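Written below as structure tokens is the structure these notes are about.
If you're wondering where the values come from, they're calculated on a predicted model, not measured in any experiment.
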Amino acid sequence: MTEHNDTTADQLPRLGVVIGSIRTPRKADSVADWVRKHLEAHDYPAEFTVLDLKDFELPPLEHFNQHSDQHAPADLVRWRDAVDGCEGFLFITPEYNRAAPGYFKNAYDLLDVQWKHKPVGFISYGGVGGARAVDQWRVSMAPYGMYTIGQQILLYNRYDFDSDTLQVNDRHEKSLGKLLEELHRLTVATRPLRQN
């Protein structure tokens, strides 16, 4: 599948909120709910769609360009097309064992050009706020020329959650607002690179 090249300058950016945990229960539900409420309360000039990995039964990566196989699983094709339809992303990523979640990384590795030259921001959580998972993501995204936003939101299991529920405060709200503004700005600014 090729990249979208029919986006015009006056179209709203299409941004995907990717939920990268498939655990039950999971802190990601509370984080995603916070993001959703924030978006509803603010008038961002963008179209947001949620890509929840729980909604996709993805196979393990077996070979390059697997998503384009004639008999590729329907959920893999659906995942490919969903990612391809977004111009930028907000990753909600846990950190497991000092790394990005295996299922999330596999979902990323199953695709290739669908990620190319697209910006991504991070909301992470874990024992140290998920910082090490984000560091790994930044390295993995370099081959596709993705634009990883330097500012990230780190949520600490011990301080920011009550069990699996995020305890939202003003600092969280301000940080999310800044992150989304930068994601929007960068997505629009890099459109010419995705149209060539």
Can you tell me if [X] and [Y] form a side-chain donor-acceptor pair at under 3.5 Å?
X	Y	value
Q152	R138	yes
R171	S175	no
T187	Y147	no

Any donor-acceptor pair under 3.5 Å from [X] side chain to [Y] backbone:
X	Y	answer
E181	L179	no
S30	L166	yes
Q167	D160	no
Q66	P60	yes
W115	Y108	yes
E47	L12	no
R191	L186	no
R78	D55	yes
R14	E87	no
S124	V134	no

Task: Contact summary for T93 and P101, nearest pair of heavy atoms - done: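 For T93 and P101, the tightest heavy-atom pair comes out as OG1-CD, 3.6 Å.
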
Got [X] and [Y] here, is their nearest side-chain heavy-atom distance under 4.5 Å?
X	Y	value
H117	T190	no
H172	W34	yes
Y156	Y125	no
V120	M141	yes

- [ ] Starting from the C-alpha separation in whole Å, work towards a yes-or-no answer on side chain to side chain contact (heavy atoms under 4.5 Å, CB included) for L90 and V35.
- [x] CA-CA 10 Å; L90 179 64; V35 172; 4.1 Å; yes

Determine whether [X] and [Y] fall in the same hydrophobic cluster, where Ile, Leu, Val, Met, Phe, Trp and Tyr are linked whenever their side-chain heavy atoms lie under 4.5 Å apart.
X	Y	answer
L51	L15	no
Y103	I123	no
L183	Y144	no
I22	W137	yes
V17	W79	no

Task: CA sep, side-chain torsions, deciding dist, call: R26, K54, side chain to side chain contact (heavy atoms under 4.5 Å, CB included) - done: CA-CA 11 Å; R26 57 181 183 174; K54 264 193 171 183; 3.7 Å; yes

Quick one: pull up [atom1] in [X] and [atom2] in [Y] and give me the separation to the nearest 0.5 Å.
X	Y	atom1	atom2	value
E57	L53	CD	CG	12.5 Å
L180	L39	CG	CG	6.0 Å
I149	F122	CD1	CZ	8.5 Å
I19	D29	CD1	CG	6.5 Å
T148	K118	OG1	NZ	16.0 Å
Y96	S21	OH	OG	3.0 Å

Task: Salt bridge D33-K37, side-chain N to carboxylate O under 4.0 Å - done: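 So D33 pairs with K37 through a salt bridge.
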
Task: NZ/NE/NH1/NH2 to OD/OE distance under 4.0 Å, D109 and K105 - done: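 Salt bridge flag = yes for K105 with D109.
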
Inspect the surroundings of [atom1] in [X] and state if more than 12 heavy atoms from other residues, nucleotides or ligands are less than 6.0 Å away.
X	atom1	result
R36	CZ	yes
D43	CG	no
H63	NE2	yes

Open item on the list: Tell me if the centroids of the rings in H38 and F48 come within less than 6.0 Å of each other.
Closed with: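 Ring centroids of H38 and F48 are no less than 6.0 Å from each other.
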
Open item on the list: Does V18 form a side chain to side chain contact (heavy atoms under 4.5 Å, CB included) with I92? I'd like the steps, not just the answer.
Closed with: CA-CA 6 Å; V18 185; I92 298 175; over 6 Å; no

- [ ] Decide whether a cation-pi geometry holds between K27 and F161; the criteria are a distance under 6.0 Å from NZ or CZ to the six-membered ring centre and an angle within 45° of the ring axis.
- [x]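 The answer is yes, since K27 meets both limits relative to F161.
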
